[in-house]
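Note sheet for the following structure.
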Amino acid sequence: CTDKEDPKKGKEKRGTSKEVCGYPLSIFFIVVNEFCERFSYYGMRAVLVLYFKYFLRWDDDLATSIYHTFVALCYLTPILGAIVADSWLGKFKTIIYLSIVYAIGQVAMAVSAIHDITDTDRDGTPDNMTFHVVLSMVGLFLIALGTGGIKPCVAAFGGDQFSDHQDRQRRTFFSVFYLCINGGSLLSTIITPILRAQDCGIHSQQKCYSLAFGVPAALMLVALVVFIVGSGMYYKAEPQGNIMLDVCKCIGFAIKNRYRHRSNQYPKRQHWMDWAEEKYDKLLIAQIKMVLKVLFLYIPLPMFWTLFDQKGSRWTLQATTMNGYFGSLVIQPDQMQTVNPILILTLVPIMDSVIYPLINKCGLNFTPLKRMTVGMLLAAIAFVCAALVQIEIDKTLPTFPSTSQSQLKLLNMGSETVTIKMPGNDPLNLTAAQASNEYFTFEAGQINISVGHPEVRNTISLAKGQRQTLLIPLTITDEWLMTDDITSKPQEGNNAIRFVNGMKTAVNVSIPAANFGLIEPFSYSNYSLIKNGKVTFTLWSGSQSCEYSTDFGFGSSYTFFIPSTLVFGPNCQESITAAEDIKPNSVHMALQIPQYFFITAGEVMFSVTGLEFSYSQAPSNMKAVLQAGWLFTVAIGNFIVLIVAELAKLPKQWAEYVLFASLLVAVCFIFSIMAYFYTYIDPAEIEAQFKKNVNEDDEDNKHKLQKTEVEMNKRDSIKCHDEDDKDKQTKM
Ligand SMILES: CC(C)C[C@H](N)C(=O)N1CCC[C@H]1C(=O)O
């Protein structure tokens, strides 16, 4: 608990909070509140798309667009919360009121997910979907208002608890604050999907979305209670009137006044805001200048979030083309995202207690803006890593036929070896029930194939741009059958499976999750998508059955062949053969860890620093507003992802990653130039100076002001006459 204080700074204590190791006790309640609130927000968000899809029965497009609109709204509403806090209610009351709105929203979501409410016929599905849709939309709107509205206030309110001399402690607070955000989000994104997977209900058991939303609602209530419990200890800065209105009027006046005095005869002023001096307080003008300077610096920042937010989209899609087996543990593609909060929990303490002090010891002045610049560069490196991983993945992907090509595989359904001759290829021997390992590629639309001895010749038509399998029958003089095979990797790490029945009787194939249906003799089933892991198929022919088990990885496609020689019994493991049409993903998901490491290290340098920077550089009456400005960069970043995803349709995914990395490096270069010209300020000191000057020169100022105003009016009236004359001249 040692503290090197700045002796020049005032040491008056803020609030009535006790101090522990130099930290006000009140911040304990604030960080616990943040932990619970982020648990509530991220927990609810983790199951939201699934709720839209499986409970409200929306299609993928509608579910995704409503989800993104909600997320964007959550980062736009901070502006509203900040204005209310800084201009009207103060941060404390704003947090309380908006937390209540937030908790009501979460409860509305939990209630909207109780299917029994409208399930009058008790069949397990809601009968009045409109009720559930309306209630959940109202709930989401209230949540967006609440979570966004309180977010800038809580961070700024936490910062307010420190006295001016506690810079170091305040910096640590922002790090702990960030740890709580990520601790809460990590826990909830693990817990709520588990809750959702439970079955619950009064009349019928369904997936328990009400519990998955109910627990976040409870956590929001806990957040509110914890915040209220700390009430007596907080330092509560009073709002100083309708500051945002004053700011807008002052900026408007400065612009108008500058325009009115655009002629060269008026002496230039140092800053365009100085043109408001005639009417507005110098302190307010100085405060607006501080805010504008920081907001200007924020212009390039959304680009960082544009890259950061692709963890949830592009990187998760990349993970679906990878192998998620970590020993006996299977990691699903979307679970890789939890690497980010896990790394935050380890990197924040390491940065704060090892890296930054070490850099300081080396005599380098690692200022906040330098940290943010390095953070952006690390994010760009993360995208270069993502591109390298993508190149590795691309190497393992099958080569699908171009639009002018056709690909053909062969499966011998007979019980004897056959020799197959195709144009441009060596003769191919296939033993009983064997399929060719690879697809053969042909440019021609028709090819002649001869099979067996004595040869049976056939001309077969191939479909352009397609993959097909030729099923060679038991008796080769019988009709030859062609199947249409899939020509892309199965989505989301699923496996595409089908069965070919070589028996003389129909066979039914099923697994608990899917039924392949009745497969007629010498025929094949449609593809079914199944998840990774061990699967046991049950085959039925009349009253006879047998079981066949196999393990699946991620993203493969198989054709299972049921031979004519199959003997039904408890086990048909040895008889069924599997043709691997598309290999399972082989590039391991662990290869994504470096890109997660770099983006998270970048986030720690960029976001934790940015949060503290936004607080420390904001005037006392606009702390929440600047926090909202910071969060606005996150919202814009989200929008850019949506736009770029539509526009930048590069043929190769790795090229898109490189494009994003290059864009961020370019933006980072611009930001570093802007940062070079930025001078750090101590708003408290500047404000104190102004107040002191105002008190001393109060009388004097009043006189000067009145005099200036009289002179201004005189000048204006002369100018008006001049302009009238000019007008007259041109008109004449
Ligand atoms: C996406 C993670 C669960 C959380 C992330 N590391 C994070 O802390 N944030 C992303 C946007 C800003 C910040 C937050 O406040 O949630």
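Just so you know, residue 1 is the first one in the sequence shown, and it goes up from there. Counting starts at 1 for both ligands and their atoms, following the listed order.
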Got a list of side-chain donor-acceptor pairs under 3.5 Å for residues 616-626, not counting sequence neighbours?
residue, atom, partner, partner atom, Å
Ser616, OG, Glu612, O, 3.4
Ser616, OG, Phe613, O, 3.3
Gln617, OE1, Tyr678, OH, 2.7
Gln617, OE1, Ile681, N, 3.0
Gln617, NE2, Ile681, O, 3.1
Ser620, OG, Glu687, OE1, 3.0
Ser620, OG, Glu687, OE2, 3.4
Asn621, OD1, Gln287, NE2, 3.4
Asn621, ND2, Gln287, OE1, 3.2
Lys623, NZ, Tyr615, O, 2.9
Lys623, NZ, Ala618, O, 2.8

| message | For a salt bridge (Lys or Arg N to Asp or Glu O under 4.0 Å) check, start with the C-alpha distance between Glu656 and Arg314, then their side-chain angles and the critical distance, and finish with the verdict. | response | CA-CA 10 Å; Glu656 195 183 295; Arg314 288 277 192 267; 2.8 Å; yes
| request: Could you check atom 4 (C) of ligand 1 against the protein and tell me its nearest heavy-atom contact, residue, atom and distance included? | output: Asn182 OD1, 3.3 Å
| remark: Within 4.0 Å of some non-hydrogen atom of Ser185, the atoms of ligand 1 are 3 (C)
| note | Atoms of ligand 1 under 4.0 Å from any heavy atom of Tyr75, numbered from 1 in the order shown, are 11 (C), 16 (O)
| task | Check each heavy atom of Leu186 against ligand 1 and say whether those closer than 4.0 Å belong to the side chain, the backbone, both or neither. | result | neither
| request: Run the numbers for me: atoms of ligand 1, each under 4.0 Å from some heavy atom of Lys151, listed by number. | output: 14 (C), 15 (O)
| said: For Gln337, which part has a heavy atom under 4.0 Å from ligand 1: side chain, backbone, both, or neither? | reply: neither
| note | Shortest non-hydrogen pair, Thr94 vs Leu89, comes out as OG1-CB, 3.5 Å
| What atoms in ligand 1 come closer than 4.0 Å to a heavy atom of Ile181? | 8 (O), 14 (C), 15 (O), 16 (O)
| Closest to atom 14 (C) of ligand 1 among Phe177, Trp305, Tyr42 (heavy-atom distance) | Tyr42
| request: Taking only heavy atoms of Glu603 into account, list the atoms of ligand 1 that are under 4.0 Å away from them. | output: 5 (C), 6 (N), 7 (C), 8 (O), 9 (N)
| For ligand 1, which atoms sit closer than 4.0 Å to a heavy atom of Tyr178? | 7 (C), 8 (O), 9 (N), 13 (C)
In residues 368-384, what donor-acceptor pairs under 3.5 Å come from side-chain atoms, sequence neighbours left out?
residue, atom, partner, partner atom, Å
Lys370, NZ, Asn365, O, 3.0
Arg371, NE, Phe366, O, 3.3
Thr373, OG1, Leu369, O, 2.7

| task | Kindly assign one of parallel, tilted or perpendicular to the pair Phe55 and Tyr209, based on the angle between their ring planes and the thresholds 30° and 60°. | result | perpendicular
| Salt-bridge criterion met for Glu34 and Lys151 (N-O under 4.0 Å) | yes
| Once the angle between the rings of Phe174 and Phe177 is folded into 0 to 90°, is it parallel (under 30°), tilted (30 to 60°) or perpendicular (over 60°)? | perpendicular
